[in-house]
Amino acid sequence: MATDDYHYNETVLTHIAEPHNIGEIGDADGIGTGTNPVCGDEVSLYLKFEGDTVSDAKMKVLGCGAITAAMSSVTDLVRGKTANELRELTHEEITASLGGLPKHKRHCAQLAQRVVRNALEGRG
Ligand code: FES
């Protein structure tokens, strides 16, 4: 499952081929959006809470393979977590959940992390 600086590993490729939880949540409790101004990639994250924990998460992405994989993984990672736990989620943890990203693609995980924070700020 190694990642070098020129290739995506199998975990990343699987997320790219079949991204998890694509779509919107109509009655979301938190919606976060984010753009990377350098590449123009855009993402949205929708969070539904039950009490203090995330019960559902969906995402939309217009961007590279790495951000597609990162957001796909984020929609799994956030389930069952509290808002406080999500605030502590790091881009390194997102990268690790993918088994690593090529060095020049690590900013994609940073965008995913930013969108999680934005969704919490937008929590109703
Ligand atoms: Fe911009 Fe991936 S290349 S988020």
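Here the structure is a predicted model, which is why all the values come from computation and not from measurement. In what follows, every heavy atom counts, from backbone to side chain, and hydrogens, waters and symmetry copies are set aside. Whatever order the structure lists them in is the order used to number ligands and atoms, beginning at 1.
- Under a 4.0 Å criterion applied to the non-hydrogen atoms of Cys108, ligand 1 contributes the atoms 2 (Fe), 3 (S), 4 (S).
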* Asked: What's the verdict on side-chain hydrogen bond (donor to acceptor under 3.5 Å, both in side chains) for Thr53 and Thr82, showing C-alpha distance, side-chain angles and the deciding distance?
  -> CA-CA 4 Å; Thr53 60; Thr82 65; over 6 Å; no
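- Across Thr35 and Glu42, no two heavy atoms sit closer than the pair OG1-CG, 3.7 Å.
- In terms of protein heavy atoms, atom 1 (Fe) of ligand 1 is closest to Cys39 SG, 2.1 Å.
- Nearest protein heavy-atom neighbour of atom 4 (S) of ligand 1: Asp41 OD2, 3.1 Å.
- When atom types are taken as modelled, the side chain of Thr95 and the backbone of His91 share a donor-acceptor pair closer than 3.5 angstrom.
- Counting heavy atoms closer than 4.0 Å to ligand 1, residue Ala66 contributes nothing at all.
- Close approach of ligand 1 to Cys64 (heavy-atom distance below 4.0 Å) involves ligand atoms 2 (Fe), 3 (S).
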* **Verdict with supporting geometry, Ile22 and Lys58, side chain to side chain contact (heavy atoms under 4.5 Å, CB included)** => CA-CA 6 Å; Ile22 294 179; Lys58 292 204 185 303; over 6 Å; no
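- Of all atoms in ligand 1, listed by their number and element, those nearer than 4.0 Å to a heavy atom of Lys105 are 3 (S).
- Taking all atoms of both residues into account, the shortest heavy-atom contact from Phe49 to Ser55 is C-OG, 3.9 Å.
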